[in-house]
Amino acid sequence: MSRKKTPKSKGGSTPGASALPAANGPRPVRPGSGAPPHAPPLPGRPSLGSSGDFYDVAFKVMLVGDSGVGKTCLLVRFKDGAFLAGTFISTVGIDFRNKVVDVDGAKVKLQMWDTAGQERFRSVTHAYYRDAHALLLLYDVTNKSSFDNIQAWLTEIQEHAQRDVVLMLLGNKVDSAQERVVRKEDGEKLAKEYGLPFMETSAKTGLNVDLAFTAIAKELKQRSMKAPSEPRFRLHDYVRREGRVASCCRP
Ligand SMILES: Nc1nc2c(ncn2[C@@H]2O[C@H](COP(=O)(O)OP(=O)(O)OP(=O)(O)O)[C@@H](O)[C@H]2O)c(=O)[nH]1
Ligand SMILES: [Mg+2]
């Protein structure tokens, strides 16, 4: 996979681009951050997390992609069911949130790492790749350069993440139909090229947000706890079958 040179995204940065602070500079991370997770997956009987949550197994899920594609909003939508409208506050370094989800009777704790898309924090995020069990790679359907940069992100993932990391491509902000510049077909084509499961999402409306995280949780849970008699979970098929299409306006 070769690193593709691409122009800088609007308000964002590319992996491999030079470090340039945002025009108005990043501000501190949003409240609600927890302590960094450190435990490996823990198949077995329920454990008690530091925040008092019981779970059977824990996994680390990392969100990556250009600055402004909606990583933090996607995470907040999944965790709290809310949309962070208003002023864009760029993530500084890395932020952490936990959520325990029920997957086929098992309590799966997702330790979610929200990375900064800005290039100047890239060395911080590099350190976390190798411990991630799953990666959600986002682009913004209203921002062509964030889509063009996916190839460079994949190169970065290949360099720093585990070989068997679960990876999913998400095209976010599909609610912004008027501003859409990346067609769903283009996302599908790219995903197919790299053998990735793919969905379009909206942190604003919640479209496919729970599904993306649930699909990841199912895949990871099966990898660590699958009973011999249990049929194999097929992530691609699940995502294709369950994924919803934005109800309006294809370009
Ligand atoms: N319309 C629409 N806007 C969104 C959506 N998701 C995020 N946004 C907006 O896009 C901007 C950036 O969102 P963030 O979630 O902060 O972006 P990020 O990827 O975390 O950016 P960095 O922290 O800099 O890497 C904010 O103004 C959000 O309100 C979405 O699904 N639809
Ligand atoms: Mg962010």
Side-chain angles (χ1 to χ4, degrees), residues 41-43 55-65 69-71 73-79 81 97-114 132-139 141 147 150 153-154 157-158 161-175 182-247 250:
L42 304 165
Y55 58 91
D56 297 300
V57 62
F59 298 107
K60 294 163 184 167
V61 181
M62 190 164 156
L63 282 81
V64 292
V69 296
K71 299 178 294 296
C73 287
L74 198 86
L75 202 42
V76 169
R77 165 62 74 182
F78 174 62
K79 170 92 172 58
R97 286 180 173 82
N98 294 331
K99 181 161 175 165
V100 177
V101 290
D102 204 310
V103 179
D104 308 325
K107 297 246 173 278
V108 177
K109 178 173 174 173
L110 297 179
Q111 304 173 329
M112 300 169 291
W113 299 348
D114 177 18
H133 303 107
L135 296 170
L136 290 176
L137 174 57
L138 277 76
Y139 66 88
V141 301
F147 179 70
I150 289 296
W153 280 106
L154 288 168
I157 289 166
Q158 200 178 40
Q162 298 287 347
R163 287 182 72 84
D164 64 347
V165 73
V166 177
L167 180 56
M168 189 185 290
L169 180 67
L170 301 177
N172 191 39
K173 305 196 189 179
V174 279
D175 57 277
V182 183
R183 296 177 310 161
K184 187 175 183 211
E185 291 81 348
D186 298 329
E188 285 170 340
K189 187 163 167 251
L190 185 69
K192 196 169 173 195
E193 206 175 305
Y194 289 98
L196 304 175
F198 167 72
M199 263 187 300
E200 289 195 328
T201 57
S202 168
K204 187 170 182 176
T205 66
L207 183 81
N208 292 333
V209 176
D210 283 1
L211 178 61
F213 286 93
T214 306
I216 291 286
K218 275 179 177 280
E219 171 72 18
L220 291 170
K221 184 242 167 192
Q222 260 235 349
R223 283 188 184 192
S224 76
M225 298 175 81
K226 182 182 168 305
S229 56
E230 210 179 332
R232 220 191 117 213
F233 175 69
R234 296 187 182 279
L235 181 59
H236 278 78
D237 296 345
Y238 181 75
V239 162
R240 210 173 295 130
R241 195 173 62 240
E242 302 289 325
R244 292 177 202 281
V245 175
S247 58
R250 303 183 79 150

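Atoms considered below: every heavy atom in the structure, side chains included; atoms not considered: hydrogens, waters and symmetry mates.
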Item to check | Test side chain to side chain contact (heavy atoms under 4.5 Å, CB included) applied to Leu170 and Leu137, step by step | outcome: CA-CA 6 Å; Leu170 301 177; Leu137 174 57; over 6 Å; no
Next on the checklist: With a 4.5 Å cut-off on side-chain heavy atoms, are Asp186 and Leu190 touching?
Outcome noted: no
Checklist entry - Is there a donor-acceptor pair closer than 3.5 Å between any side-chain N or O of Asn208 and the backbone N or O of Arg244? => result yes
Checklist entry - Does Lys71 have any salt bridge (charged side-chain N to carboxylate O under 4.0 Å, His left out) partners at least two apart in sequence or in another chain, and if so, which? => result none
Checklist entry - Would you say the side-chain atoms of Asn172 and Thr201 include a donor-acceptor pair closer than 3.5 Å? => result yes
Checklist entry - Which pair of heavy atoms, one from Phe59 and one from Leu220, lies closest together, and at what distance? => result CZ-O, 3.3 Å
Item to check | side chain to side chain contact (heavy atoms under 4.5 Å, CB included) assessment of Met112 paired with Asn98 | outcome: CA-CA 6 Å; Met112 300 169 291; Asn98 294 331; 5.8 Å; no
Checklist entry - Does some side-chain heavy atom of Ile150 sit less than 4.5 Å from a side-chain heavy atom of Leu169? => result yes
Checklist entry - Between atom CD of Glu242 and atom CG of Asp210, what is the distance when rounded to the nearest 0.5 Å? => result 12.5 Å
Checklist entry - If you count the non-hydrogen atoms of other residues, nucleotides and ligands that lie under 6.0 Å from NZ in Lys204, is the total more than 12? => result no
Next on the checklist: Evaluate Arg223 against Asp164 for side chain to side chain contact (heavy atoms under 4.5 Å, CB included), listing each step before the verdict.
Outcome noted: CA-CA 11 Å; Arg223 283 188 184 192; Asp164 64 347; 4.1 Å; yes
Next on the checklist: I'd like to know if Asp237 and Arg240 make a salt bridge, using a cut-off of under 4.0 Å between side-chain N and carboxylate O.
Outcome noted: yes
Item to check | Shortest non-hydrogen contact between Ala132 and Leu135, atoms and distance | outcome: CB-CD2, 4.1 Å
Next on the checklist: Holding to salt bridge (charged side-chain N to carboxylate O under 4.0 Å, His left out), I want the full list of residues that pass it with Lys99, two or more places apart in sequence or in another chain.
Outcome noted: none
Checklist entry - Are side-chain heavy atoms of Leu196 and Met168 found at a separation under 4.5 Å? => result no
Item to check | Glu200 CD to Arg183 CZ distance, which is reported to the nearest 0.5 Å | outcome: 11.0 Å
Item to check | Nearest atoms (heavy-atom pairs only) where Leu138 meets Leu136 | outcome: CD1-O, 3.6 Å
Next on the checklist: Any heavy-atom pair between the side chains of Lys60 and Trp113 that's under 4.5 Å?
Outcome noted: yes
Next on the checklist: Within the 4.5 Å heavy-atom criterion, are Leu167 and Tyr194 side-chain neighbours or not?
Outcome noted: no
Item to check | Heavy-atom check, side chain of Glu188 versus side chain of Lys184, under 4.5 Å | outcome: yes
Checklist outcome for this item: Nearest heavy-atom contact between Glu219 and Phe233 is OE1-CD2, 3.4 Å
Item to check | Inter-residue atom distance Arg97.CZ - Leu63.CG, 0.5 Å rounding | outcome: 10.5 Å
Checklist entry - Which atom pair, heavy atoms only, marks the closest approach of Val57 to Ser224? => result CG2-OG, 3.7 Å
Checklist entry - Between Met225 and Asp56, is any pair of side-chain heavy atoms under 4.5 Å apart? => result yes
Checklist outcome for this item: Rounded to the nearest 0.5 angstrom, the CG-CD distance for Leu235 and Gln222 is 10.5 Å
Checklist entry - How are the rings of Tyr139 and Phe147 set relative to one another: parallel (under 30°), tilted (30 to 60°) or perpendicular (over 60°)? => result perpendicular
Checklist entry - Are the side chains of Val165 and His133 in touch, meaning some heavy atoms are under 4.5 Å apart? => result no
Item to check | side chain to side chain contact (heavy atoms under 4.5 Å, CB included) assessment of Val239 paired with Leu211 | outcome: CA-CA 8 Å; Val239 162; Leu211 178 61; 5.6 Å; no
Checklist outcome for this item: Nearest heavy-atom contact between Ile216 and Ala134 is CG2-CB, 3.5 Å
